[in-house]
Amino acid sequence: MISVVLADDQALIRTAVSELVSHTDGFAVVGEASNGLEAVDVVRATRPDVVLMDIRMPVMDGLQATEAICADAQLSATRIIILTTFEDDEYVLRALRAGASGFLGKGTEAEALMAAIRTVNEGEALLSPKATRALIDRYLSPAEPAPHRVPDELTLLTEREREILLLVGSGLSNGEIAAGLVISPQTAKTHVNRMMSKLGVHDRAQLVIIAYESGLLVPGRS
């Protein structure tokens, strides 16, 4: 059973999503919140698998709530999906840096929403290569290409882990990484989890950000 918390200041949206999630086999809504502060409290009380988090809420917004949840070591297993539109990509980038697993538009179809919850619950980032590339090109592209080198903050990683970090940064799933490197999906997942632990990040989406901000990957360069 995948447990879900809904955080949105619009009661109508919470009701609609709650009905959808609750009536889908294998899912349960364990809590709701109308603002970010409530969301943090509810998540700490219920420790859900996944949180659907609106950005614009009163008292505390979704970005602040995401930062608080992802900074709590006791909530390391909880994954957050940001509910937004792609026009809000600056906010999305902040949320990804904080540890969110990805983002969805509020107009997302029901089937896609449930698939997204399953995806992040399995430890994957909800970031398509196209969406990742758009965010990176807009916010992380350096003014001048940096020389290819191993950044200081990545020296804790093994050569294999750096290789996998490049693939994660390119938007590949664990299954795709496994197929390309001829290893098992579980081995790929283990490498990703070890990287997150070594780099002190909450989610694989943060690995994407690190890969670009460190200069290990450069927008437009394969």
Side-chain angles (χ1 to χ4, degrees), residues 1-128 130-132 134-135 173 202-206 208:
M1 186 71 69
I2 299 175
S3 56
V4 180
V5 162
L6 312 174
D8 197 297
D9 62 337
Q10 298 183 49
L12 186 60
I13 291 179
R14 292 201 311 274
T15 299
V17 176
S18 180
E19 285 292 312
L20 170 64
V21 174
S22 298
H23 288 85
T24 301
D25 289 342
F27 293 83
V29 174
V30 296
E32 298 184 20
S34 61
N35 63 63
L37 188 60
E38 286 182 3
V40 174
D41 290 340
V42 170
V43 170
R44 285 175 174 162
T46 61
R47 300 193 182 185
D49 297 310
V50 178
V51 181
L52 297 179
M53 181 79 74
D54 187 21
I55 285 184
R56 296 187 176 119
M57 293 186 290
V59 184
M60 175 189 285
D61 66 29
L63 295 176
Q64 294 170 309
T66 295
E67 290 173 352
I69 292 169
C70 294
D72 190 332
Q74 295 185 334
L75 301 176
S76 61
T78 296
R79 298 289 177 256
I80 298 177
I81 298 175
I82 298 296
L83 298 178
T84 183
T85 61
F86 192 68
E87 286 72 24
D88 293 324
D89 50 7
E90 184 174 5
Y91 294 115
V92 171
L93 184 60
R94 287 177 55 194
L96 294 178
R97 282 186 172 129
S101 296
F103 58 93
L104 286 175
K106 286 193 174 181
T108 299
E109 295 292 334
E111 184 176 342
L113 174 61
M114 301 312 298
I117 295 174
R118 292 188 185 94
T119 295
V120 300
N121 183 63
E122 292 169 358
E124 299 286 358
L126 193 66
L127 282 171
S128 68
K130 180 179 179 181
T132 300
L135 286 170
S173 68
H202 180 86
D203 191 88
R204 69 186 288 130
Q206 288 177 296
V208 176

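Sequential numbering from 1 along the given sequence is applied to the chain's residues.
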[atom1]-[atom2] distance between [X] and [Y], expressed to the nearest 0.5 angstrom:
X: I13; Y: K106; atom1: CD1; atom2: NZ; value: 4.0 Å
X: S101; Y: M53; atom1: OG; atom2: CE; value: 11.5 Å
X: R47; Y: L75; atom1: CZ; atom2: CG; value: 6.5 Å
X: N121; Y: I2; atom1: CG; atom2: CD1; value: 4.0 Å

Let me see the working for V4 and V51 under side-chain contact (heavy atoms from CB on, under 4.5 Å), right down to the final yes or no. CA-CA 6 Å; V4 180; V51 181; over 6 Å; no

Sequence neighbours left out, what passes salt bridge (charged side-chain N to carboxylate O under 4.0 Å, His left out) with E32? Give chain and number order.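 Testing E32 for salt bridge (charged side-chain N to carboxylate O under 4.0 Å, His left out), a comparison that skips the adjacent residues, returns R14.
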
Just to verify, what does D41 make a salt bridge (charged side-chain N to carboxylate O under 4.0 Å, His left out) with, not counting sequence neighbours?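 Applying salt bridge (charged side-chain N to carboxylate O under 4.0 Å, His left out) to D41 gives none.
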
Taking atom types as modelled and ignoring hydrogens, do the side chains of R44 and Q74 form a donor-acceptor contact shorter than 3.5 angstrom?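 No.
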
Using the side-chain contact (heavy atoms from CB on, under 4.5 Å) rule, pick out the option among I69, D72, I80 that qualifies with V43.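 By the side-chain contact (heavy atoms from CB on, under 4.5 Å) criterion, V43 pairs with just one of I69, D72, I80: I69.
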
Locate the shortest heavy-atom distance separating [X] from [Y]; write the atom from each residue and the value.
X: C70; Y: A100; answer: SG-N, 4.2 Å
X: L113; Y: T108; answer: N-CG2, 3.7 Å
X: P58; Y: N35; answer: O-CB, 2.9 Å
X: M57; Y: D54; answer: CE-O, 3.4 Å
X: G36; Y: A65; answer: O-CB, 3.6 Å

Can you find a heavy atom in the side chain of I82 that is under 4.5 Å from one in the side chain of L104?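 The answer is no, as the side chains (C-beta and beyond) never meet within the 4.5 Å cut-off.
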
Would you say L52 and I117 make side-chain contact, with heavy atoms under 4.5 Å?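 In short, these two side chains touch, coming nearer than 4.5 Å.
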
Just jot down the side chain to side chain donor-acceptor pair (under 3.5 Å) partners of S3, sequence neighbours excluded, or say none.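 Only D49 meet the side chain to side chain donor-acceptor pair (under 3.5 Å) criterion with S3.
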
Under the side chain to side chain donor-acceptor pair (under 3.5 Å) rule, collect the residues that match up with T119, sequence neighbours excluded.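 Partners of T119 under the side chain to side chain donor-acceptor pair (under 3.5 Å) test: none.
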
Please report, to 0.1 Å, the donor-acceptor pairs under 3.5 Å made by any side chain of residues 20-30, with sequence neighbours excluded.
from	atom 1	to	atom 2	distance (Å)
S22	OG	S18	O	2.8
H23	ND1	E19	O	2.8
T24	OG1	L20	O	2.8

Inspect the contact between R56 and D61 and indicate whether a charged nitrogen and a carboxylate oxygen are less than 4.0 angstrom apart.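 No.
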
Not counting sequence neighbours, which residues clear side-chain contact (heavy atoms from CB on, under 4.5 Å) with A98? List them please.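 Testing A98 for side-chain contact (heavy atoms from CB on, under 4.5 Å), a comparison that skips the adjacent residues, returns T66, E67.
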
How far apart are the C-alpha atoms of V50 and I81, what are their side-chain angles, what is the distance that settles it, and do they pass the side-chain contact (heavy atoms from CB on, under 4.5 Å) test? CA-CA 7 Å; V50 178; I81 298 175; 4.1 Å; yes

